[in-house]
Asks: 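I have a structure here, written as C-alpha cells, and I will follow up with some questions on it.
By convention here, the first residue in the shown sequence is residue 1.
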Amino acid sequence: MRVIITDTAFIWNHDNPALEVFKDVLLVVCLEGKAVTDKYECFISPYKHVGMGIDTFGVDDQRYKALESVADDLNRNLGYHDDILFLTDGNLESLYPFYVIKDRNEFNSLHLCAVSPWKFESKRRIQGHKNLLSDLSQLTSILYIDSNKYLLNLEKDATMKEVMQKLESDYGALLPTVVNSIGELYGRYYFDFASNSYVAIEEGFNGIDLSKKNQLDTVFEAELYRSFSTLGEIIPPDYLEENDRIKEEIERVPARIDGKKICEYLRKQRIELARVNGIEFSSEECPSIGPCAGTCAKCDQESAYLRAKLAAIPAEDRIIPDFTLTKWEVEA
C-alpha cells in the first residue's frame with residue numbers, strides 16, 4: 001500500500017499525528033517545491049514561486065503544471081500492483097496528485113478519500129474542485145464527505161474552528177475502516193455512510209447492509225507495507241482485441257459525486273411512468289449516502305419490470321411522460 005498526501009492539505013498533511021502509523025508507506029507530495037518534513041518520504045515538485053501572480057485553480061494553477069511536468073516520475077515512484085490511497089480534503093490542491101496519476105497508472109488500484117469545499121468559498125475554487133472530480137472511472141473506491149452538512153448539524157453559534165475539529169475527527173475515525181477494507185476490494189466501490197461500509201457500485205441498493213452502521217472499525221488491522229513486483233510481459237502476442245474483460249471495462253459504470261441525485265430523479269420518473277399507464281409499481285428510496293453510479297442492479301430490476309408491463313400495453317395506448325432535463329442533468 002501507498003498513502004499519498006500533500007503539503008497543502010488542511011487535514012491530511014505531514015503535521016497530522018494520525019498519519020504516523022503510515023510512516024513506512026506514506027508519501028508527501030510537496031507542491032510548494034521544497035521538502036516539508038524528514039519524518040516521511042517526500043516527492044518534491046519543481047514548482048518555483050515567482051511574483052504575486054493571479055490566483056488560478058486546477059489545471060491552470062502553476063503548482064499543478066509543475067507537478068504535471070514530473071508526473072511520470074511520480075508514477076514510477078508508486079511502484080506496481082499495489083493499493084494507492086489518496087487522502088485529500090476541501091483544499092482542491094490536495095487533489096493534484098490524484099489527477100495527474102489517474103490516467104497514467106495502469107497497474108495499481110486507486111482509492112480516493114475526498115471532502116467537498118465549503119459552500120461559502122469562491123465559486124472558482126468550488127468549480128475547480130468539481131472539475132478535478134469529474135472523472136472517477138479509474139478508481140477502485142471513492143469516499144466523499146459533504147463538509148457542508150457539518151454546518152447544518154452544529155449549533156448556529158459554532159465557530160469555524162469547532163466545525164473543522166469535528167470534520168477532522170469524523171474523517172479520521174473513518175480511516176481505519178478505509179484502510180482495513182481497500183485490500184479486499186475487487187471491482188468498483190463507493191463508501192456508503194448509511195451502512196459505514198464500502199458497497200459495490202453495480203450492487204448499489206442491494207449491497208447496502210444497514211446492520212453494519214454501528215460496526216465502524218476504529219483500529220488498524222491491515223498490514224501496512226509496500227509491495228513491488230517486476231513489470232513483465234502482461235499481454236501475450238496473441239491477446240484478443242475483444243474479450244469479456246474489455247467488454248466489462250467499457251460498460252462498467254463509475255461512481256459519481258452527484259449519483260444520489262441522479263438515482264432519485266430516475267426513480268421519480270419510473271414512478272410517474274407507472275402511474276400514467278396504470279401499472280402497479282412500488283419503489284423504495286435507496287438508503288445510500290454518498291457517491292454512487294446513479295443507477296444499480298435494483299434500478300435495472302425496476303426498469304426491466306416496467307418495460308415488460310409496457311410491452312403488454314398496445315403501442316397506441318402507452319403514455320410516455322415528457323421528461324424535461326434540468327440544468328444539472330444537462331451539465332452532468
Asks: Between I126 and L167, is there a shared hydrophobic cluster once you connect ILVMFWY residues whose side-chain heavy atoms come closer than 4.5 Å?
Replies: no

Asks: Are W118 and F10 in one and the same hydrophobic cluster, where Ile, Leu, Val, Met, Phe, Trp and Tyr link if side-chain heavy atoms are under 4.5 Å apart?
Replies: yes

Asks: Surrounding NZ of K102 (heavy atoms of other residues, nucleotides or ligands, distance under 6.0 Å), is the total greater than 12?
Replies: yes

Asks: Of all the heavy-atom pairs spanning V25 and L224, show the shortest one and how long it is.
Replies: CG1-C, 4.0 Å

Asks: Can you name the closest pair of heavy atoms from N148 and S116 and give their distance?
Replies: ND2-OG, 3.8 Å

Asks: Can you confirm whether L310 sits close enough to I279 that some side-chain heavy atom of one is under 4.5 Å from a side-chain heavy atom of the other?
Replies: yes

Asks: For the CG atom of N108 and the CG atom of L85, what is their distance to the nearest 0.5 Å?
Replies: 12.5 Å

Asks: What I want to find out is whether R275 reaches E272 closely enough, with some N-O distance under 4.0 Å, to be called a salt bridge.
Replies: yes

Asks: What distance separates R188 CZ from L136 CG, expressed to the nearest 0.5 Å?
Replies: 11.0 Å

Asks: Report the residue from F57, Y47, Y96 that forms a ring pair (Phe, Tyr, Trp, His ring centres under 6.0 Å) with Y64.
Replies: Y96

Asks: Tell me whether E168 is salt-bridged to K161, with the criterion being a basic N under 4.0 Å from an acidic carboxylate O.
Replies: no

Asks: Report the distance from atom NZ of K65 to atom OG1 of T56, rounding to the nearest 0.5 Å.
Replies: 7.0 Å

Asks: Can you tell me if Q215 and N196 form a side-chain donor-acceptor pair at under 3.5 Å?
Replies: no

Asks: Taking all atoms of both residues into account, what is the closest heavy-atom pair of D258 and R256, and its distance?
Replies: OD1-NE, 2.9 Å

Asks: Within a reach of under 6.0 Å around CG of D73, are more than 12 heavy atoms found that belong to other residues, nucleotides or ligands?
Replies: yes

Asks: Under 4.5 Å between side-chain heavy atoms, counting indirect links through other Ile/Leu/Val/Met/Phe/Trp/Tyr residues: same cluster for M164 and F120 or not?
Replies: yes

Asks: Group every Ile, Leu, Val, Met, Phe, Trp and Tyr by side-chain heavy-atom contacts under 4.5 Å, then state whether Y186 and Y198 land in the same group.
Replies: no

Asks: Could you report the tightest heavy-atom contact between A297 and N206, atom names first, then the distance?
Replies: CB-ND2, 3.8 Å

Asks: Please report the C-alpha distance between F220 and L175 in whole Å, then the side-chain angles of each, then the deciding distance to 0.1 Å, and finally whether the side chain to side chain contact (heavy atoms under 4.5 Å, CB included) criterion is met.
Replies: CA-CA 8 Å; F220 290 100; L175 191 55; 4.0 Å; yes

Asks: Please tell me whether L87 and M1 are part of a single hydrophobic cluster in this structure, the criterion being side-chain heavy atoms less than 4.5 Å apart.
Replies: yes

Asks: Between Y171 and D89, is any side-chain donor less than 3.5 angstrom from a side-chain acceptor?
Replies: no

Asks: Salt bridge or not between D82 and R226? Use side-chain N to carboxylate O under 4.0 Å.
Replies: no

Asks: Quick one: CG on L110 to OG1 on T140, what's the gap to the nearest 0.5 Å?
Replies: 6.5 Å

Asks: Is a salt bridge present between K23 and E20, judged by a nitrogen-to-oxygen distance below 4.0 Å?
Replies: no

Asks: Which heavy atom of C296 sits nearest a heavy atom of G204, and at what distance?
Replies: CB-CA, 3.7 Å

Asks: Given I320 and L273, is the side chain to side chain contact (heavy atoms under 4.5 Å, CB included) satisfied, shown in steps?
Replies: CA-CA 7 Å; I320 307 299; L273 178 65; 4.1 Å; yes

Asks: Partners of S197 by side chain to side chain contact (heavy atoms under 4.5 Å, CB included), sequence neighbours excluded?
Replies: S195, V199, K212

Asks: Regarding E284 and K298, does a basic nitrogen lie under 4.0 Å from an acidic carboxylate oxygen?
Replies: no

Asks: Under the criterion side chain to side chain contact (heavy atoms under 4.5 Å, CB included), I'd like the reasoning laid out for V179 against F22: C-alpha separation, chi angles, the key distance, then a yes or no.
Replies: CA-CA 10 Å; V179 173; F22 298 114; 3.6 Å; yes

Asks: Does the K48 side chain pair with the main chain of A66, one donor and one acceptor, at a distance under 3.5 Å?
Replies: no

Asks: If we ignore hydrogens and angles and just use 3.5 Å, is the side chain of R270 paired with the main-chain N or O of L306 as donor and acceptor?
Replies: no

Asks: Please answer whether the main-chain N or O of A9 pairs with a side-chain N or O of N13 as donor and acceptor at a distance below 3.5 Å.
Replies: yes

Asks: Between CZ of F191 and CD1 of I182, what distance do you get to the nearest 0.5 Å?
Replies: 12.0 Å

Asks: Using the side chain to side chain contact (heavy atoms under 4.5 Å, CB included) rule, take L143 and F193 through it: C-alpha gap first, then chi angles, then the decisive distance, then the call.
Replies: CA-CA 9 Å; L143 179 153; F193 293 95; 4.0 Å; yes

Asks: Measure the CD1-CG distance between I142 and L112 for me, rounded to the nearest 0.5 Å.
Replies: 4.0 Å

